[in-house]
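One structure is given below, encoded as structure tokens.
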Protein chains: 2
Amino acid sequence: MAVSSLMPGHLIRRLHQISSQVFAQRVKEAGFDLTPVQFAALDSLRHHPGIDQAGLAEKVAKDKATIGAVIERLEQKGLVERLINRHDKRARKLTLTEEGEAQVLALIPVVEALQREILPTLSEAEYQQFIYLAAKASGISGGGGEG
Amino acid sequence: MAVSSLMPGHLIRRLHQISSQVFAQRVKEAGFDLTPVQFAALDSLRHHPGIDQAGLAEKVAKDKATIGAVIERLEQKGLVERLINRHDKRARKLTLTEEGEAQVLALIPVVEALQREILPTLSEAEYQQFIYLAAKASGISGGGGEG
DNA sequence: CCAAACTAATAAGTGTACATACTAAATTCG
DNA sequence: CGAATTTAGTATGTACACTTATTAGTTTGG
């Protein structure tokens with residue numbers, strides 16, 4: 001078989017695709033129109049109201065140019081408000097609109113439920129092991145604490 | 001912390017980013033200019049010369065529209081040749097050029113070596129476990145065979 | 001044989017994702 | 001205070017990744 005097939009890089013790309021597809025399908029079925037990144041941004045915003053784009057970019061581990069585009073679309077959908085910070089006119093304070101908050105709250109159980117479907121062939125023990133390894137590898141939790 | 005942070009979907013996205021970045025850096029250092037997908041396509045082509053775009057799309061688990069664009073770029077770089085199939089004028093037979101084959105062969109050890117760097121914080125046992133779980137979850141190898 | 005169904009590839013449109021370059025504003029330092 | 005640096009955000013360009021629609025060619029069925 002091709003050299004690359006069993007390598008982490010290739011496997012991760014495949015999982016990323018599967019994950020995106022499951023997410024898109026379930027969210028659409030639930031009657032919403034949000035991508036994984038848009039949901040992550042909204043969820044992060046719910047926990048950090050008033051954060052600026054650079055701060056949000058760091059929270060969701062994305063480029064600031066990417067986040068700019070994501071926020072742009074969320075603003076157009078009326079889910080996020082962008083206000084210039086009085087104390088720093090370069091920065092924009094981001095907050096969820098009522099509609100934005102309503103959509104995140106409605107989607108949280110949907111998103112939680114679909115996680116298991118991303119890895120349907122893993123047993124429960126394997127699923128937990130995967131989360132542990134992926135979290136450790138991605139630096140989110142190297143062995144306990146939270147950031 | 002944000003609801004989404006410890007979910008497979010989010011973790012997989014982070015790993016995908018890390019993977020892409022490590023790949024880009026190491027390949028660039030080695031003096032080449034190929035993305036992960038371009039490498040995967042070339043490697044697959046090495047194993048299946050004369051395949052058409054739809055077939056290649058299936059091999060690397062990508063959309064045929066995506067593969068069309070990837071092949072387009074590889075053709076422009078002179079790494080792939082695209083010839084209309086005599087027996088089916090809709091299809092294009094893909095083959096590596098000499099330069100294309102040379103680049104894949106030169107990159108294989110580089111790509112193999114960088115895999116470990118994608119997951120540097122995992123122990124060797126954890127690394128093997130991750131590959132096993134990811135392969136099982138992505139349907140590439142549920143416990144042995146090849147696809 | 002020819003219309004209908006199917007298939008390979010391209011085209012167009014949306015959404016990440018990142019690098020680089022640029023503008024504007026804030027901070028630092030002499 | 002004013003120049004140099006840093007920072008926040010936007011703009012541009014490249015590269016995936018997928019959906020839907022279209023074009024061109026092939027196969028099938030009546």
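Order of the sequence lines fixes the chain letters, A, B, ..., with proteins taken first and strands second; residue numbering starts at 1 for each chain. What you are looking at is a predicted structure, and each value in this text was computed from that prediction instead of being measured.
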Rounded to whole angstrom units, what separation is found between the [atom1] atom of [X] and the [atom2] atom of [N]?
| X | N | atom1 | atom2 | answer |
| --- | --- | --- | --- | --- |
| Glu75(A) | dG9(D) | CD | P | 12 Å |
| Ile84(A) | dA8(D) | CD1 | P | 15 Å |
| Lys93(A) | dA8(D) | NZ | P | 14 Å |
| Glu72(A) | dA11(D) | CD | C1' | 12 Å |
| Asp52(A) | dT7(D) | CG | P | 13 Å |
| Leu83(A) | dG9(D) | CG | P | 12 Å |

Should [X] and [Y] count as side-chain neighbours, where that means a heavy-atom distance under 4.5 Å?
| X | Y | value |
| --- | --- | --- |
| Leu74(B) | Leu34(B) | yes |
| Val80(A) | Leu96(A) | yes |
| His10(A) | Asp43(B) | no |

Enclosure of Glu98(B) CD (heavy-atom neighbours >12, cutoff 6.0 Å) =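 At most 12 heavy atoms, drawn from other residues, nucleotides or ligands, come within 6.0 Å of this atom.
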Extract from the structure each pairing of a protein N or O with an N or O of nucleotides 12-20 of chain D at less than 3.5 Å, listing the distance.
from: dC16(D); atom 1: OP1; to: Thr35(B); atom 2: OG1; distance (Å): 2.4
from: dC16(D); atom 1: OP2; to: Gln38(B); atom 2: NE2; distance (Å): 2.7
from: dC16(D); atom 1: OP2; to: Arg73(B); atom 2: NE; distance (Å): 2.7
from: dC16(D); atom 1: OP2; to: Arg73(B); atom 2: NH2; distance (Å): 3.0
from: dC16(D); atom 1: O5'; to: Arg73(B); atom 2: NH2; distance (Å): 3.0
from: dC18(D); atom 1: OP1; to: Gln17(A); atom 2: NE2; distance (Å): 2.8
from: dC18(D); atom 1: OP1; to: Gln21(A); atom 2: NE2; distance (Å): 3.0
from: dC18(D); atom 1: OP2; to: Asp63(B); atom 2: N; distance (Å): 3.0

Walk along DNA chain C from 5' to 3' and tell me the first and last nucleotide with an atom closer than 4.0 Å to a non-hydrogen atom of chain A.
->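 Boundary nucleotides touching chain A, in 5' to 3' order, are dG15(C) to dA26(C).
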With sequence neighbours excluded, residues passing side-chain contact (heavy atoms from CB on, under 4.5 Å) with Glu124(A) = Arg116(A), Tyr127(A), Gln128(A)
Picking from Arg82(B), Lys64(B), Lys93(B), Glu58(B), what satisfies side-chain hydrogen bond (donor to acceptor under 3.5 Å, both in side chains) with Gln53(B)?
-> Arg82(B)
Lys77(B) and Gln38(B): side chain donor to acceptor below 3.5 Å |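 Lys77(B) vs Gln38(B): donor-acceptor pair found between side chains.
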Are Gln25(B) and Gln21(B) linked by a side-chain donor-acceptor pair shorter than 3.5 Å?
-> no
